[in-house]
Amino acid sequence: MGIKGLTKLLSDHAPGCMREQKFESYLDRKVAIDASMHIYQFMMVIGRQGDQTLTNDAGEVTSHLQGMFMRTCRMLEAGIKPVYVFDGKPPTMKGGELAKRKDKRDEAEAALAKAKEAGDQEEIEKMSKRTVRVTRQQSQEVMQLARLMGLPVFEAPCEAEASCAALCKAGLVYAAASEDMDTLCFACPKLARNLMSPASQGKPILEFDYEKILTELDMTWEQFIDVCILCGCDYCDSIKGVGPVKAVSLIKKHGNIETLLQHLDTEKYPVPEDWPYKEARELFKHPDVVNTDGLELKWTAPDEEGIVAFLVGEKQFGEERVRNTLKKLKAAKGKSSQNRLESFFGAVTVKSSTTGKRKE
DNA sequence: TCTCTCGCCACAGACGAG
DNA sequence: CCTCGTCC
DNA sequence: ACGTGTGGCGAGAG
């Protein structure tokens with residue numbers, strides 16, 4: 001997923017749309033998150049040895065729950081209020097892209113089988129990462145966990161990113177937190193990247209401001225979408241020889257893809273046959289999303305016993321570990337509201353930002 | 001020579017004990 | 001600080 | 001039962 005080279009394009013042509021933010025500034029902020037993407041990544045990485053993952057005795061994979069439980073706790077601990085949005089059905093337009101990926105997967109599966117024969121551990125690990133799948137049941141388990149933790153949860157009718165953008169447009173969340181630049185094509189007012197990286201890499205949060213993108217590029221929404229389609233998106237092929245640089249200059253010159261096509265040297269730059277750029281544009285402009293009319297988002301306290309029953313009872317997590325994690329969460333809750341009060345009354349005491357030692 | 005695109009590769013969590 | 005083993 | 005994003009590097013075309 002994504003628009004090829006869009007990050008670099010924006011930092012070249014619209015640097016003002018990007019702003020670094022402190023992690024602390026997200027205290028008490030609501031953000032929409034594409035949960036499916038996170039699940040997918042956890043499945044690839046957590047508890048891996050060869051092609052093994054974390055499982056309970058019944059052989060059910062638990063890597064996704066381990067990852068999501070920890071990450072959700074970290075967010076709540078930091079005072080962030082996440083909404084999880086899950087992917088629905090993929091748009092039919094992804095067909096072409098899909099076929100390609102299936103081929104790649106089949107290749108990886110063959111390579112995996114071969115590596116197993118040969119007992120090549122390194123190759124097994126590499127290939128098994130490329131054949132990861134997230135089942136419907138696994139997604140639903142994460143939904144169940146998220147609800148137990150008191151978060152609002154949505155199943156998007158189609159792509160999760162589009163619904164995240166819709167929640168943001170409706171003012172229900174401050175930003176969509178995603179690594180996927182597609183989100184901006186849906187006119188999402190604010191996109192936050194690296195939201196969870198302070199722990200992993202120490203990168204600051206990077207915000208993209210949609211209005212500033214249009215202002216600095218001096219383009220309309222439609223023109224920006226056309227640039228993204230030319231750069232290369234999931235919905236259709238792009239023109240060979242045209243990348244981010246030419247995409248911007250061509251749209252600046254001609255205004256839209258239709259006009260551009262009339263002037264393009266199709267000898268040098270062959271346009272794909274049956275190129276459905278109009279349909280792609282339509283998907284960005286009018287995606288199928290959750291209905292936000294009269295919608296209210298509510299966060300409630302985690303249901304500790306419910307979580308224990310699920311994770312410990314069914315999935316064989318260590319009870320002490322689970323309860324400990326939830327305890328830390330409770331403690332942090334008091335602290336974060338205290339911070340909020342302090343800043344409300346003007347007592348700006350942001351001190352221990354680096355090493356959070358517990359108080360004596 | 002420089003610019004741009006493309007293809008191939010690598011990589012990806014979070015915790016806590018020591 | 002870090003590396004490394006473990007999480008299920 | 002659909003499935004990534006990113007950066008780096010070198011090749012090749014213009």
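Letters go in sequence order (proteins before strands), and every chain restarts at 1.
Within 4.0 Å (heavy atoms only), A/K8 reaches no atom of the nucleic acid at all. Residue A/G5 is classed as having no contact, given no heavy-atom separation below 4.0 Å to the nucleic acid. Nucleic acid contact for A/V245: sugar-phosphate only, since backbone atoms but no base atoms lie under 4.0 Å from a heavy atom of the residue. Nucleic acid contact class of A/R133 (heavy atoms, under 4.0 Å, all strands): none.
A donor-acceptor contact under 3.5 angstrom links the side chains of A/Q316 and A/D57, judged on distance only. For A/D180 and A/T183, the side-chain atoms include no donor-acceptor pair closer than 3.5 Å. Between the side chains of A/Q144 and A/Q140, no donor-acceptor pair is found at a separation under 3.5 Å.
The interatomic distance linking A/E77 (CD) with B/dC15 (P) rounds to 8 Å, in whole Å. Taking atom CG of A/L311 as the reference point, atom C1' of C/dC8 lies 11 Å away to the nearest angstrom. Nucleotide B/dC15 holds its C1' atom 19 Å from the CZ atom of A/R48, rounded to whole Å. Summarising the geometry, the separation between CD1 on A/I39 and C1' on B/dA14 is reported as 17 Å, rounded to the nearest angstrom. In this structure, CG of A/D237 is placed 11 Å from P of B/dG7, rounded to the nearest angstrom. The CG atom of A/D12 sits 13 Å away from the C1' atom of B/dT3 (whole-angstrom rounding). Atom CE in A/M70 sits roughly 8 Å away from atom P in C/dC8 (whole-Å rounding). Put simply, CD on A/E179 is 11 Å from C1' on D/dT4, counting in whole angstrom units.
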Could you walk me through whether A/K327 and A/E304 satisfy the salt bridge (Lys or Arg N to Asp or Glu O under 4.0 Å) test, starting with their C-alpha distance in whole Å, then the side-chain angles of each, then the deciding distance to 0.1 Å, before giving a yes or no? CA-CA 9 Å; A/K327 201 185 290 174; A/E304 176 164 345; over 6 Å; no
After noting the C-alpha distance and the side-chain angles of A/R323 and A/E305, does the key distance pass the salt bridge (Lys or Arg N to Asp or Glu O under 4.0 Å) rule? CA-CA 9 Å; A/R323 287 200 190 270; A/E305 295 314 315; 3.2 Å; yes
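In terms of phosphate contacts, A/R321 brings no side-chain nitrogen or oxygen within less than 4.0 Å of OP1 or OP2 of C/dC7. At B/dA10, one or more side-chain N or O atoms of A/K126 fall inside 4.0 Å of OP1 or OP2 (strictly under the cut-off).
For the P atoms, the distance from D/dT6 to B/dG13 is 14 Å, rounded to whole Å. Distance noted for atom P between B/dG7 and C/dC8: 43 Å (whole Å). The same atom, P, is picked in B/dC15 and in C/dC1; the two are 16 Å apart, to the nearest Å. Rounded to the nearest Å, the gap between the P atom of B/dA14 and that of D/dA1 is 30 Å. With C1' as the reference atom, B/dA10 and C/dG5 are 24 Å apart, rounded to whole Å. Going from the C1' atom of D/dA13 to that of B/dT1 covers 14 Å, rounded to whole Å.
By the 6.0 Å contact criterion, CG on A/D265 is enclosed, its count of non-hydrogen atoms from other residues, nucleotides or ligands being greater than 12. Heavy atoms from other residues, nucleotides or ligands lying under 6.0 Å from NZ of A/K30 number 12 at most.
The residue from A/L172, A/L151, A/L167, A/V153 that alone fulfils the side-chain contact (heavy atoms from CB on, under 4.5 Å) condition with A/V83 is A/L167. Of the candidates A/K190, A/R19, A/R193, A/E207 forms a salt bridge (charged side-chain N to carboxylate O under 4.0 Å, His left out) with just one, namely A/K190.
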Distances under 3.5 Å only, N/O to N/O: pair up the protein atoms with those of nucleotides 8-14 of chain D.
none

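Heavy-atom nearest nucleotides on DNA chain B were determined for A/G47 and for A/S238, and the one closer to the 5' end corresponds to A/S238. Comparing A/I239 and A/I46, the nucleotide of DNA chain B nearest to each residue sits closer to the 5' end for A/I239.
When distances run from any side-chain atom of A/D87 to the nucleotides C/dC8, B/dA14, D/dC2, the shortest one goes to D/dC2. Checking B/dT5, B/dA14, D/dA1 against the side-chain heavy atoms of A/K246 singles out B/dT5 as nearest. Set against B/dG7, B/dT5, B/dG16, the side chain of A/P244 has B/dT5 as its closest nucleotide. Taking only side-chain atoms of A/F317, from C-beta outward, the nucleotide of B/dA12, D/dG3, C/dC8 with the closest atom is C/dC8. Side chain of A/P90, nearest nucleotide from D/dA1, B/dC15, D/dC2: D/dC2. Distances were taken from every side-chain heavy atom of A/K240 (C-beta onward) to each of B/dG16, C/dC8, B/dC6; the shortest belongs to B/dC6. Nearest nucleotide to the A/T7 side chain, out of D/dA1, D/dT6, B/dT5: D/dT6. Comparing B/dC15, B/dT5, B/dA12 by their nearest atom to the side chain of A/M44 picks out B/dA12.
Closest non-hydrogen pair, A/G50 versus A/R48, comes out as O-NH1, 3.3 Å.
Looking only at side-chain heavy atoms (C-beta outward), A/Q223 and A/K252 stay at 4.5 Å or farther from each other.
The ring pair (Phe, Tyr, Trp, His ring centres under 6.0 Å) analysis of residues 165-193 of chain A, with sequence neighbours excluded, yields the pairs A/Y26-A/Y174, A/F186-A/F284.
Both distances falling under 3.5 Å, in either a Watson-Crick or a G-U wobble arrangement, occur for no nucleotide opposite B/dT1.
For DNA chain C, the residues of residues 52-68 of chain A within the heavy-atom distance limit of 4.0 Å (strictly under) are A/L54, A/T55, A/T62, A/Q66, sorted by number.
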